[in-house]
2 protein chains.
Amino acid sequence: MKLAEQSYRDLGMKLTPQRLAILNYLDGNTLHPSADDVFRSVRRRHPTMSFATVYNTLETLKQRGRLIELTGDPDKKRFDPNTTPHHHLICTGCRRIVDIMADIPVTSAAAGFAGFRVLGHHIEFTGLCPACQKKK
Amino acid sequence: MKLAEQSYRDLGMKLTPQRLAILNYLDGNTLHPSADDVFRSVRRRHPTMSFATVYNTLETLKQRGRLIELTGDPDKKRFDPNTTPHHHLICTGCRRIVDIMADIPVTSAAAGFAGFRVLGHHIEFTGLCPACQKKK
DNA sequence: TTTCTTGCAAAGATTTTGCAATTGC
DNA sequence: GCAATTGCAAAATCTTTGCAAGAAA
């Protein structure tokens, strides 16, 4: 399977070893890694990889809808290669983020609020993961 | 009305002019200001105010449940003095955040997911505010 | 060849911290 | 007076940017 390779072609982005490594690391990854997580992982096989390349690539992929930038972690941006609409469960103890693929109906009571054009919504459940429940 | 003053007493925090100014600025403010917004506003009447005081105060107030830290703005932390459960509408163009006080039922299908103890949830609606709709 | 991408280093922005001086209680 | 708080400056993070060199198409 050459999902990553195909993605770059489809998105009209040049195919580079660094970019391939980035998407190969992200695809199927449900840990919602930060840019630094991506950098540190990918650098193992690509020692010359720079932050700039990671940030540039993530930014471009985001703009083209190939991944989502999450805001649930107050300390840094996290990235989600899963672009299917879904929600998240965030551990306030360790910042772990878990996908919730369940379809949760939300009455669009907010549509049109304040003249906004509502384009999407995302539910953030907060709580404590099993490990952090024990620590407390 | 001395809401701010009373708050600090109730929370067991010492009452200082800086702290009073911070809560007085926040209470009733629906702009969801950042720490820097707070700093710049409060400094007008308290020229010696420092970042440290703003950050310390916001952090303590947050820990004691007197305000909420929002993560919806990817660039910085924003603060909400409204601790009544509610949701937000975020303009992806200008980062404006609007309160949605409507009670939106969410089937707690996620309760117990992955062994988490779910403590709360928050819906982020995204879209474009009236001004940003015109710009595009 | 032409255009885009990479890597490096420096800069920007936000947030945190150490500590002496000051203030609230 | 004691303990908590302030202010200043420096540092720690995270993220972005300019630009020359290099690689993709």
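Every chain is numbered from 1, with letters handed out A, B, ... down the list of sequences. Basis for what follows: all heavy atoms, side chains included, without hydrogens, waters or symmetry-related copies.
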For D:dA23, does either OP1 or OP2 sit under 4.0 Å from a side-chain N or O belonging to A:Gln18? no
How close or far is atom P of D:dT15 from atom CD of A:Glu59, stated in whole angstroms? 12 Å
Is A:Lys76 close enough to C:dA13 that one of its side-chain N or O atoms is under 4.0 Å from OP1 or OP2 there? no
Of all the heavy-atom pairs spanning A:Ile100 and A:His86, show the shortest one and how long it is. O-CB, 3.4 Å
Looking only at side-chain N and O atoms, does B:Thr53 come under 4.0 Å of OP1 or OP2 in D:dG7? yes
Rounded distance in Å - CG (B:Leu11) to P (C:dC25): 13 Å
Can you check whether B:Lys77 has a side-chain N or O nearer than 4.0 Å to OP1 or OP2 of C:dT16? yes
Between D:dT16 (C1') and A:Gln63 (CD): distance, integer Å: 13 Å
Under 4.0 Å: is that the gap between some side-chain N or O of B:Thr16 and OP1 or OP2 of D:dT6? yes
Closer than 4.0 angstrom, basic N to acidic O: yes or no for A:Asp75 and A:Arg95? yes
Just checking B:His88 against B:His32, ring centres under 6.0 Å apart? yes
Does the side chain of B:Tyr55 get closer than 4.0 angstrom to OP1 or OP2 of C:dT15 through an N or O atom? yes
Stepwise side chain to side chain contact (heavy atoms under 4.5 Å, CB included) test for A:Leu70 and B:Thr71: CA-CA 9 Å; A:Leu70 303 182; B:Thr71 58; over 6 Å; no
Please determine if a side-chain N or O atom of B:Arg19 lies less than 4.0 Å away from the OP1 or OP2 oxygen of D:dT6. yes
Starting at the 5' end of DNA chain C, which residue's closest nucleotide do you reach first, B:Arg9 or B:Arg78? B:Arg78
Ranking C:dT6, C:dG7, C:dG24 by distance to the side chain of A:Thr48, first place goes to C:dG7
Given DNA chain D, 5'-ward residue of the pair B:Ala52 and B:Asp75, judged by closest heavy atom: B:Ala52
Does B:Arg45, at its CZ atom, have more than 12 non-hydrogen atoms belonging to other residues, nucleotides or ligands within less than 6.0 Å? no
Rounded distance in Å - OH (A:Tyr8) to P (D:dA24): 14 Å
Going by modelled atom types, is there a donor-acceptor pair between the base of C:dT3 and the side chain of A:Lys14 at under 3.5 Å? yes
Mind calculating the distance between CG (A:Asp36) and C1' (D:dT16) to the nearest angstrom? 15 Å
Selected nucleotide, minimal atom distance to A:Met13 side chain, candidates D:dG7, D:dT15, C:dT5: C:dT5
Integer-rounded Å distance: C:dG7 C1' and A:Arg43 CZ: 13 Å
Separation of C:dT14 P from B:Phe79 CZ (nearest whole Å): 13 Å
Checking side chain to side chain donor-acceptor pair (under 3.5 Å) between B:Arg66 and each of B:Thr60, B:Thr83, B:Asp27, which is the one that passes? B:Asp27
Nucleotide of D:dT17, D:dT15, D:dT6 approaching A:Asn56 most closely (side-chain heavy atoms): D:dT17
Just the rounded figure in Å: distance from C1' of D:dT16 to CD of A:Glu69. 13 Å
